[in-house]
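From a predicted model like this one, the values you see are computed outputs, not experimental measurements.
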Amino acid sequence: MRHQIVSDDIRAPEMAEAVEKCVHCGFCLAACPTYNLLGEEMDSPRGRIYLMKNVLEETLPAAEAQPYIDRCLGCMACVPACPSGVEYGDLLVGYRALQEKSRKRPPLDALTRKLISETLPYPRRFRLAALGGKLGKALLPALPDAFAAMLRLLPDELPPAQPLPPLLPAQGERRGKVALLLGCAQEALAPEISRAAAHVLARNGVDVHIPRGQGCCGSILLHLGEEGGARDLARRNFACIPDDVEAIITTAAGCGSGMKDYPLLFKGQADAAQAAEFARKVIDFSAYLADLGVREMRGFPSERRVVYQDACHLLHAQGHGGEPRALLADIPNLRLVEIADAGMCCGSAGTYNIDQPAIAAELGRRKVESIVAAQPDLVVSGNIGCIAQLRQELARQNHTLPVRHIAEVLWQTAPEQRNRES
């Protein structure tokens, strides 16, 4: 029997199905970062499902469940661990969006979220905010935790913009035609990632279109429960990305996962079919390139030990853990080394390291300790949030270990880039 969820939200059937499938077997516990850290049943996926069920059935006040739901990273590690096939993401995203409509937040919390939603999705605004943040770092000890967490994530200097032309034509035999999404915060923090990805794709025979007018995919706002704003941002990309590309490439795991959720986000909307077709074409840079096959790589001049750090929304939400490793393993003189708890979240998770800085910091500390124990020369990831989190924690622990995006490593080890060091 379907649970009696009291809601007129169009996604209520998906939420009810997720609740119904959960048999509380406990397989999710070992996979859940917050349960591992806090040891509290209600900070586990099955505990949160129980809480959300009771709130949605109006047998529990939302305020009582909220602290536990807020502490969920949304990392989706529980999804592949679940033998019952519970679509936890459908429940969590729908629940957060539903509760956000009526939730009364403290003024400081509301201000923090407003700053995030009005700056992170817009690279120019983000750059201006970062300049102000640089001055604000002097006040760190006196700032509230959320503000301090935002400032600590900012580098001391933002790199200059690295604009790309509207098209990078395929080199040699043409093997594909794609659109490349530049991202929002990534384009301000690390524009070299998109540049590297575009050149790697072009070198491997792909026409790379960089549509003018593109912007944030909306994943940040979706993470905040602001579904209307997320749809508005998504529609901007619907309008500017050519229909004839075979794939829409993203270099940020969180963005890719968010866009894969467009069918649910746009359910009941007039442009639902367009959103579903867009989502169908979205694919991570590493997954697309692994399927395409990489042309000859010259690699490093001497052996490098490399740890590949799985981004949760690439490994758990999209199921791509083997493809990036296969790409790296094909680079001459690159030796992949695995770490303990490789699939455990590093604490980044969208805006989590701002919303829950203490938990995020502890998860980051544990992740870096595992990485350092493997004695690598280089850390590679596929998500700007993970990269920023790892760099911050490595610096805090006084390690100089470099962290790079996989696109940068592939570009730096291409034949014409042989003399460049990563």
Side-chain angles (χ1 to χ4, degrees), residues 33 36-37 75 77 152-153 155 159 186 189-190 192-193 196-197 200 251-254 284-287 289-290 294 297-316 320-349 353 360-414 417-422:
N36 275 267
L37 182 61
C75 69
R152 289 192 184 99
L153 286 168
Q186 177 179 285
L189 289 169
E192 63 274 10
I193 293 175
V200 168
T251 54
D284 185 77
F285 164 81
S286 62
L289 197 58
V294 178
M297 302 293 291
R298 289 191 181 178
F300 292 106
S302 59
E303 184 178 272
R304 303 289 179 87
R305 291 170 57 88
V306 172
V307 162
Y308 176 73
Q309 155 62 19
D310 287 291
C312 293
H313 284 92
L314 189 56
L315 176 64
H316 304 308
H320 298 310
E323 294 93 333
R325 284 176 171 81
L327 290 172
L328 292 170
D330 282 343
I331 298 175
N333 287 327
L334 188 152
R335 180 184 172 192
L336 274 174
V337 290
E338 294 293 338
I339 62 171
D341 295 327
M344 198 66 73
C345 185
C346 69
S348 176
N353 44 16
E362 177 58 20
L363 291 172
R365 184 191 67 79
R366 294 184 178 194
K367 179 63 68 173
V368 162
E369 286 186 353
S370 294
I371 289 171
V372 171
Q375 299 182 318
D377 302 303
L378 174 67
V379 182
V380 178
S381 188
N383 187 57
I384 184 61
C386 300
I387 291 169
Q389 174 83 338
L390 294 176
R391 285 175 177 169
Q392 175 183 263
E393 184 57 29
L394 282 163
R396 196 190 68 78
Q397 295 187 28
N398 297 315
H399 295 294
T400 57
L401 188 59
V403 185
R404 299 284 184 269
H405 192 279
I406 188 171
E408 296 178 274
V409 176
L410 290 169
W411 181 230
Q412 290 166 340
T413 54
Q417 302 296 318
R418 177 68 168 76
N419 62 339
R420 291 178 60 180
E421 294 290 324
S422 67

Review point. Does the side chain of V379 reach to within under 4.5 Å of the side chain of I387, using non-hydrogen atoms?
Key: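 No, too far: nothing below the 4.5 Å cut-off.
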Check your understanding: Counting only N and O atoms by type, is there a donor-acceptor contact under 3.5 Å from the side chain of H405 to the main-chain atoms of T251?
Key ->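 Yes: the side chain of H405 pairs with the backbone of T251.
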Check your understanding: Are R366 and L37 side-chain neighbours, meaning at least one heavy-atom pair lies under 4.5 Å?
Key ->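 Yes. Closest side-chain heavy atoms under 4.5 Å.
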Practice item. Verify, without hydrogens or angle tests, whether H316 (side chain) and G343 (backbone) share a donor-acceptor contact under 3.5 angstrom. Key: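 Present.
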Check your understanding: Mind checking whether L289 and L410 have side chains closer than 4.5 Å, heavy atoms only?
Key ->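 Yes - at least one pair of side-chain heavy atoms lies under 4.5 Å apart.
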**Study point:** S381 side chain to Q309 backbone, donor-acceptor under 3.5 Å
**Key:**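 Yes, because the side chain of S381 sits within donor-acceptor range (under 3.5 Å) of the backbone of Q309.
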Practice item. To the nearest 0.5 Å, tell me how far Q392 CD sits from Q397 CD. Key: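 Separation between the atoms: 11.0 Å.
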Point to revise | Student check: side-chain heavy atoms of L378 and R304 closer than 4.5 Å | key: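 Counting from C-beta outward, L378 and R304 never come under 4.5 Å.
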Check your understanding: Can you pull the salt bridge (charged side-chain N to carboxylate O under 4.0 Å, His left out) pairs that have at least one residue in residues 328-343, sequence neighbours excluded?
Key ->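 Listed once each, the pairs are R325-E338.
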Practice item. Any pair with a residue in residues 369-383 that passes salt bridge (charged side-chain N to carboxylate O under 4.0 Å, His left out), sequence neighbours left out, goes on the list, sorted by first then second residue, please. Key: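 Only R365-E369 qualify under salt bridge (charged side-chain N to carboxylate O under 4.0 Å, His left out).
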Review point. If every non-hydrogen atom of I384 is compared with every non-hydrogen atom of A190, which pair is closest and at what distance?
Key: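 Distance-wise, the nearest heavy atoms are CD1-CB, 3.9 Å.
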**Study point:** Atom of L328, atom of L334 and distance for their closest heavy-atom approach
**Key:**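 In terms of heavy atoms, the two residues are closest at O-CD2, 3.5 Å.
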Practice item. Nearest 0.5 Å please: distance from the CD1 atom of I371 over to the SG atom of C346. Key: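 I371 CD1 to C346 SG: 8.0 Å, rounded to 0.5 Å.
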Check your understanding: Within a strict 4.5 Å, meaning less than it, do heavy atoms of the P301 and N333 side chains meet?
Key ->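 Not in contact.
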Exercise for review: Could you pull out the closest heavy-atom pair between W411 and A196, with the gap in Å?
Suggested key: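 The answer is CB-CB, 3.9 Å.
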Point to revise | Atom pair CZ (R404) and CD (Q412), whose distance is rounded to the nearest 0.5 Å | key: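 It is 6.5 Å, given to the nearest 0.5 Å.
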Review point. Do any N or O atoms from the side chain of E393 and from the backbone of V368 form a donor-acceptor pair under 3.5 angstrom?
Key: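 No, the answer is negative, given that no donor and acceptor are paired below the 3.5 Å cut-off.
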Exercise for review: Grab the two heavy atoms, one from A374 and one from I339, that are nearest each other, plus how far apart they are.
Suggested key: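 Scanning both residues completely, I find the closest heavy atoms to be CB-CG2, 3.9 Å.
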**Study point:** Residue pair C345 / L363: nearest heavy atoms and the distance that separates them
**Key:**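 Nearest pair, atom of C345 first, then L363: O-CB, 3.9 Å.
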**Study point:** Close side-chain approach of L314 to E323, heavy-atom, < 4.5 Å
**Key:**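 The answer is no; the side chains never approach within 4.5 Å.
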**Study point:** Non-hydrogen side-chain atoms of E408 and I193 separated by less than 4.5 Å
**Key:**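 Yes - at least one pair of side-chain heavy atoms lies under 4.5 Å apart.
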Point to revise | Non-hydrogen atoms of P324 and Y308 that approach each other most closely | key: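 Minimum heavy-atom separation between P324 and Y308: CG-OH, 3.3 Å.
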Exercise for review: Apply side-chain contact (heavy atoms from CB on, under 4.5 Å) to L315 and list each qualifying residue two or more places apart in sequence or on a separate chain.
Suggested key: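 side-chain contact (heavy atoms from CB on, under 4.5 Å) list for L315, sorted by chain: D310.
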